[in-house]
Amino acid sequence: MLKVENLNQYYGGSHILRGLSFDVEPGKVTSLLGRNGVGKTTLMKCLMGLVKSKTGRINFQGKDVTQAPSHERVRAGIGYVPQGREIFPRLTVEENLLMGLAIKPAGARIPEQVFELFPVLKSMLRRRGGDLSGGQQQQLAIGRALAMDPKLLILDEPTEGIQPSIIKDIGHAIRVVARRPIAQKISQSAEERQEVKDAIRKVADTGRVAILLVEQYYDFARDLADHYLLMERGEFIMRGLGADMDKDGVREALAV
Ligand SMILES: Nc1ncnc2c1ncn2[C@@H]1O[C@H](COP(=O)(O)OP(=O)(O)O)[C@@H](O)[C@H]1O
Ligand SMILES: [Mg+2]
């Protein structure tokens, strides 16, 4: 889905991202861990085209987007929930969610899934974004990214400064989105059964969302990760399967 090769980025004279290569697969959560200041957000901004990468290649769904402007990446299906959320505080919850539909054809509606995952948003549609709690704003930012029906969802430290009950809801949402179960339908006829089978095959091939989750909250990142990457000063110093994170000593490496 996303393939990054030998990405380098500098701020002035300092080499911030150092030859990064990695893949993000559909239907999987890739957790990127690393302490403050190692370059995680800079990498996300490179993926979104908010800062230009100096050298290297970013390929999304078989297309080279290394030089593509941000809006093209969004249109291609990359949803981004920036660190610190960045919702529109003066717009209502509904208007914020509608911003997520900006790339959709006119008349597109906010997918019901957004409200299934975050019911609080439905009850607050008319409130101004800025009046929501931090956790609710984070749900709104994720809801806005989901409204565009992304193929790749990038979340930059979604649990930062958020209370435990909402962290749980966010974790649940990430799981649901990555492994979106196919709508279960009790089918009677052979045609209907075939229809469901075709739908399942289609989703298995292309319909699964890939998730890139930047986190410093180890337990949260581990519980969700299919794959992990550990970054230190702009380089990946460890990588592997989410299931191996404890055994690999990622928690200890993060604490050093
Ligand atoms: N706009 C910028 N100009 C110059 N240096 C920056 C800028 N943004 C971040 N940095 C520096 O780049 C490094 C990586 O920052 P960042 O990507 O935000 O790390 P992280 O998200 O892992 O905390 C840090 O040393 C930070 O101070
Ligand atoms: Mg950051």
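Each ligand, and each atom within it, is numbered from 1 in the order the structure gives.
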Determine the interplanar angle of the His15 and Tyr10 rings, folded into 0 to 90°, and report it as parallel if under 30°, tilted if 30 to 60°, perpendicular if over 60°. parallel

Sub-3.5 Å donor-acceptor pair from the side chain of [X] to the main-chain atoms of [Y], do we have one?
X	Y	answer
Asn96	Ile87	no
Thr92	Arg128	no
Asp156	Ile154	no

Quick one: closest heavy-atom pair of Arg73 and Ile58, and the distance?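 Where Arg73 meets Ile58 most closely, the heavy atoms are NH1-CD1, 3.9 Å.
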
Can you find a pair of side-chain heavy atoms, one from Leu125 and one from Leu121, that are under 4.5 Å apart?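 With C-beta onward as the side chain, the pair stays apart.
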
Find out whether Arg222 and Val250 are in side-chain contact, i.e. whether some heavy atom of one side chain is under 4.5 Å from a heavy atom of the other.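 Of all side-chain heavy-atom pairs linking Val250 with Arg222, none is under 4.5 Å.
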
Could you name the protein residues that come within less than 4.0 Å of ligand 1, counting only heavy atoms, and order them by chain and residue number?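 Within 4.0 Å of ligand 1, protein side: Tyr11, Ile16, Arg35, Asn36, Gly37, Val38, Gly39, Lys40, Thr41, Thr42.
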
Atoms of type N, O or S from the protein that sit nearer than 2.8 Å to the Mg ion (ligand 2) number exactly 2

Tell me, please, which residues at least two apart from Glu112 pass salt bridge (Lys or Arg N to Asp or Glu O under 4.0 Å).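 Glu112: salt bridge (Lys or Arg N to Asp or Glu O under 4.0 Å) contacts with Lys122.
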
Contact list for residues 84-109, test salt bridge (Lys or Arg N to Asp or Glu O under 4.0 Å), sequence neighbours left out: Glu94-Arg126

